[in-house]
Protein chains: 2
Amino acid sequence: MTTARLAPATTASALAGRLREAIDAGRWRPGELLRQEQIAAEYGVSRIPVREALAQLQSEGLLEVAHYRGARVSRPRPEEIDELFDLRLMIEGDLLARALGRHDQRSLRELKRLQDALDDADDRLGWIAGDIAFHQALYGPAQRPRSLALFRQLRAPIDRFSVQALGPRSRKQGWADEHRQLIAAVAAGDAAAAGTILEGHLQATRAVVLAACAGQGES
Amino acid sequence: MTTARLAPATTASALAGRLREAIDAGRWRPGELLRQEQIAAEYGVSRIPVREALAQLQSEGLLEVAHYRGARVSRPRPEEIDELFDLRLMIEGDLLARALGRHDQRSLRELKRLQDALDDADDRLGWIAGDIAFHQALYGPAQRPRSLALFRQLRAPIDRFSVQALGPRSRKQGWADEHRQLIAAVAAGDAAAAGTILEGHLQATRAVVLAACAGQGES
DNA sequence: CATAGGATAATTGTATCCGAAATTCGGGCA
DNA sequence: TGCCCGAATTTCGGATACAATTATCCTATG
């Protein structure tokens with residue numbers, strides 16, 4: 001029950017989703033140009049929906065588009081990554097605190113179910129999607145639509161690097177442990193513990209992402 | 001030195017700016033449909049840039065767009081307005097704190113200049129633009145591009161209501177006083193005072209905007 | 001008389017085509 | 001040999017034309 005695809009989604013929005021996955025998967029290196037014509041041919045559509053999808057991804061911060069000069073995958077500087085995590089700490093901390101008293105048996109079961117699904121996720125992209133779903137369910141009871149949208153927005157430019165951290169010597173288990181600790185703290189209604197765990201969770205992720213970002217090379 | 005219009009701006013982005021102003025000015029009532037054809041004719045362009053501008057404004061939260069069903073001015077519920085102000089308090093507070101030690105003679109002079117210009121602003125839209133410029137200059141030294149972008153994004157859905165508060169019995173003077181107090185606190189390097197003044201500034205604005213939003217009527 | 005059904009009109013989404021800007025490549029010149 | 005300048009090519013932004021979807025209104029029927 002992520003976002004119930006009731007609307008069949010227009011070509012442009014569907015394409016935006018496919019492109020987001022492709023970027024997360026490393027289909028284009030940061031700085032590499034995304035040719036409208038090429039994408040249009042690849043997905044069998046015209047350039048119009050391609051342009052709209054690119055504009056969407058630009059507004060999400062995944063692409064940098066220059067006038068008449070094409071779109072390229074953004075290469076966030078480490079300071080920007082740092083800033084994004086600072087913002088996430090603020091906003092997600094607030095969301096978690098507000099959600100805490102509003103969780104019930106049902107929402108807690110849902111959290112456990114999502115985490116179990118996350119353990120079974122085999123491909124990296126599926127894991128990212130599942131992680132987003134988990135955190136959305138965690139923050140959902142706060143009833144803060146704008147903050148939740150911001151949470152998604154702040155993750156978008158980051159997830160591309162998180163994917164790389166899901167390799168062989170994965171942090172997957174560590175993240176899973178922290179998720180379960182979060183569930184326990186929420187179930188116990190322990191705000192302080194939940195906040196501390198979330199902060200540790202995000203700080204650990206920050207380190208991993210910064211490393212992946214730095215290892216990305218220059219050119 | 002707001003955002004130096006070096007790029008001549010594409011038709012779509014220029015149109016997005018015009019439409020944003022038009023929405024702030026109340027050209028469309030909340031809930032009212034924005035017809036692509038009509039806008040295209042009105043501004044003498046085709047529907048393509050209109051669509052891109054509408055998508056942009058949607059991503060800014062000013063419009064709600066449904067597939068094949070048109071775009072309409074969003075009518076934020078009071079709880080959402082409240083949420084937006086809570087987020088602004090967090091983010092702008094953080095920005096101000098980080099900017100505090102980095103202001104110098106030049107940036108302070110610039111702030112005074114911007115505030116003087118604000119006093120002379122006669123039309124309401126110009127005042128909003130000037131207020132945004134002032135706060136951008138206030139937060140600029142923090143060197144936090146993402147947070148600054150968020151600041152703009154969080155204001156966008158709100159400013160439409162602030163404009164209404166600039167009427168006859170205006171809060172303009174109160175805002176100007178608070179701005180000058182902010183400058184003084186920043187010049188003195190008094191973080192606590194600056195934070196307090198900013199919070200009061202935003203809380204006062206919140207009350208005004210909530211009133212304007214409520215007075216908007218239902219249908 | 002109210003309501004369900006369908007034809008028609010209005011509006012959005014997408015494809016194709018054209019002009020504009022930029023990159024690239026080749027030639028002239030110091 | 002190296003640099004600068006200009007034309008051809010590539011690619012992008014916008015306009016026009018067509019297809020898909022939704023809204024409206026009229027009619028027929030209970």
Side-chain angles (χ1 to χ4, degrees), chain A residues 3-20 22-23 27-75 219, chain B residues 3-20 22-23 27-75 219:
Chain A
T3 324
R5 284 267 159 242
L6 290 178
T10 177
T11 307
S13 61
L15 188 60
R18 305 273 304 268
L19 287 177
R20 202 170 325 164
I23 291 170
R27 166 85 171 71
W28 289 274
R29 294 289 167 78
E32 192 176 351
L33 281 167
L34 283 74
R35 300 293 185 191
Q36 299 179 355
E37 191 83 36
Q38 172 195 336
I39 297 170
E42 190 167 331
Y43 290 90
V45 296
S46 110
R47 274 176 48 227
I48 298 289
V50 172
R51 283 172 50 181
E52 295 188 358
L54 292 180
Q56 165 95 24
L57 296 178
Q58 176 190 26
S59 81
E60 293 176 12
L62 269 84
L63 300 179
E64 289 168 0
V65 179
H67 200 39
Y68 277 107
R69 230 173 276 183
R72 51 189 69 210
V73 175
S74 64
R75 184 210 317 282
S219 159
Chain B
T3 323
R5 286 266 160 237
L6 292 176
T10 175
T11 308
S13 63
L15 188 60
R18 305 274 304 270
L19 287 177
R20 202 170 331 174
I23 291 170
R27 167 85 171 70
W28 289 274
R29 295 287 168 79
E32 191 175 352
L33 280 166
L34 283 75
R35 300 294 186 192
Q36 299 179 356
E37 189 82 36
Q38 172 194 338
I39 297 171
E42 190 167 329
Y43 290 90
V45 297
S46 103
R47 273 177 46 227
I48 300 290
V50 172
R51 291 172 55 83
E52 295 186 2
L54 293 180
Q56 165 99 24
L57 297 179
Q58 177 190 25
S59 81
E60 293 176 12
L62 270 88
L63 300 179
E64 290 167 1
V65 180
H67 298 312
Y68 282 108
R69 235 172 272 183
R72 50 190 70 210
V73 175
S74 63
R75 183 210 317 279
S219 158

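To find a chain, count down the sequence lines: A is the first, B the second, and so on, and within it residues start at 1. Quick note: numbers below take in every heavy atom, side chains included, and nothing from hydrogens, waters or symmetry partners.
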Under 4.0 Å protein heavy-atom contact, by nucleotide of nucleotides 7-15 of chain D - B base, S sugar-phosphate only:
----SBBBB
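Annotation: side chain of A:R35 is in contact with side chain of A:L33 (closest heavy-atom distance under 4.5 Å).
Among residue pairs with one or both ends in residues 56-73 of chain A, those qualifying as salt bridge (charged side-chain N to carboxylate O under 4.0 Å, His left out) are A:R20-A:E60; sequence neighbours excluded.
Side chain of B:S74 to backbone of B:L62: a donor-acceptor contact under 3.5 angstrom is found. Distance alone, capped at 3.5 Å, is enough to place a donor-acceptor pair between the A:E32 side chain and the A:R29 backbone.
Across the protein-nucleic acid pair, A:Y43 atom OH and C:dG13 atom P stand 22 Å apart, rounded to whole Å.
Checked for salt-bridge contact, B:E42 and B:R27 meet the test: a charged N lies under 4.0 Å from a carboxylate O.
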